[in-house]
Amino acid sequence: MELLIILLVVLGGLGLWLMGLYNSLVTLRVRTEETWSGIDTELKKRYDLIPNLIETVKGYASHEKEVFEAVTKARSQAMQAGSPEEQMKADNMLSGALKSLFAVAEAYPDLKANENFMHLQQTLGATEEDIQSAREVYNVSIKQYNTAVQVFPANLVAGIFGFIKKEFFEVVGVERENVKVKF
């Protein structure tokens, strides 16, 4: 009888420990989803600015059709991206296209002096800083989550319940720099 009670206490303790571990993994997963939502919100602000920016630049550099098409296509792909991984790739493409747009704008002094363009460039610059901050917060939450699902013995519980390692938000190659919007 005493052995049965000891066994029940041990199993109960193990069950409570597993429940606590599972709940902490769920909490970390939800936190990563929440921080991704922060990035998504900032990217939406960026997407909303781009059409106005293109229209303003078009007024001065209408013959730069390829650049406008590249930015529009990259924006469209970024808006349609589903998973965070797809969004990261699309965001990198969009950043490159925006760099090309601003390179074109440098060749037009009247455009750089345009009040609407200056306002859009300041707003986009602030949005880029917000995106970078949101990326940093996301990567911190991913680090905490990935650590939790990989350390022993939590990795055993994570494997059983389908908690898998997530990717950091990384930019590649030339895209490592924020879009420069100051002239």
>> Do Trp36 and Phe168 land in one hydrophobic cluster if side-chain heavy atoms of ILVMFWY residues count as linked below 4.5 Å?
In response: yes

> Less than 4.5 Å apart, any side-chain heavy atom of Ser83 and any of Gln87?
Replying inline: no

> Would you say Gln144 has more than 12 foreign heavy atoms packed within less than 6.0 Å of its CD?
Replying inline: yes

>> Any heavy-atom pair between the side chains of Val151 and Asn155 that's under 4.5 Å?
In response: no

> Is any side-chain heavy atom of Phe68 less than 4.5 Å from a side-chain heavy atom of Val57?
Replying inline: yes

>> Please find the pair of heavy atoms, one from Thr35 and one from Thr32, that lie closest to each other, and give the distance.
In response: OG1-O, 3.0 Å

> Minimum heavy-atom separation for Arg75 to Leu94, with atom names?
Replying inline: N-CD1, 3.7 Å

>> So Arg29 and Glu34, do their side chains get closer than 4.5 Å, heavy atoms only?
In response: no

> Within the distance-only criterion (no hydrogens, no angle test), does the side chain of Asn146 pair as donor or acceptor with the backbone N or O of Lys166 below 3.5 angstrom?
Replying inline: yes

>> Under a 4.0 Å threshold between the charged nitrogen and the carboxylate oxygen, would Lys44 count as salt-bridged to Asp48?
In response: yes

> Would Met118 end up clustered with Ile50 when hydrophobic side chains under 4.5 Å apart are linked, directly or stepwise?
Replying inline: no

>> Side-chain heavy atoms nearer than 4.5 Å, only ILVMFWY residues, links allowed to pass through others: does that put Leu43 and Leu49 together?
In response: yes

> Can any side-chain N or O of Glu128 pair as donor or acceptor with the backbone N or O of Leu124 at less than 3.5 Å?
Replying inline: no

> Looking only at heavy atoms, which two atoms of Tyr47 and Ala78 are closest? And how far apart?
Replying inline: OH-CB, 3.3 Å

> Residues sharing Leu156's hydrophobic cluster, by side-chain heavy-atom contacts under 4.5 Å among ILVMFWY, directly or via others?
Replying inline: Phe152

>> Using side chain to side chain donor-acceptor pair (under 3.5 Å), reason through Gln132 and Glu136 one step at a time and then give a plain yes or no.
In response: CA-CA 6 Å; Gln132 181 58 35; Glu136 290 172 7; 3.3 Å; yes

>> Looking at Asn139 and Phe169, would you say the former's side chain and the latter's main chain have a donor-acceptor pair under 3.5 Å?
In response: yes

> Under 4.0 Å between a Lys/Arg side-chain N and an Asp/Glu carboxylate O for Asp91 and Arg46?
Replying inline: yes

> Can you check whether Phe102 reaches Leu53 side chain to side chain, under 4.5 Å on heavy atoms?
Replying inline: yes

>> What I want to find out is whether Lys45 reaches Glu42 closely enough, with some N-O distance under 4.0 Å, to be called a salt bridge.
In response: yes

> To the nearest 0.5 Å, how far apart are CG in Leu120 and OG1 in Thr56?
Replying inline: 5.0 Å

> Do Ile131 and Met79 belong to the same hydrophobic cluster, where Ile, Leu, Val, Met, Phe, Trp and Tyr are linked whenever their side-chain heavy atoms lie under 4.5 Å apart, directly or via other members?
Replying inline: yes

>> If hydrophobic residues (ILVMFWY) are linked whenever their side-chain heavy atoms come closer than 4.5 Å, directly or via other members, who joins Leu18 in its cluster?
In response: Leu14, Trp17, Leu21, Tyr22, Leu25, Val26, Leu28, Val30, Tyr145, Val149, Val157, Ile160, Phe161, Phe163

>> Can you list, by chain and residue number, the hydrophobic cluster partners of Leu11 when the side-chain cut-off is 4.5 Å?
In response: Leu7

> Is the closest side-chain heavy-atom distance between Tyr138 and Pro84 below 4.5 Å?
Replying inline: yes

> Which atom pair, heavy atoms only, marks the closest approach of Ala148 to Ala154?
Replying inline: O-CB, 3.2 Å

>> Would you say Met88 ends up clustered with Val137 if hydrophobic residues are merged whenever their side chains have heavy atoms under 4.5 Å apart, either directly or through other cluster members?
In response: no

> Should we count CG of Leu4 as having more than 12 external heavy atoms under 6.0 Å?
Replying inline: yes

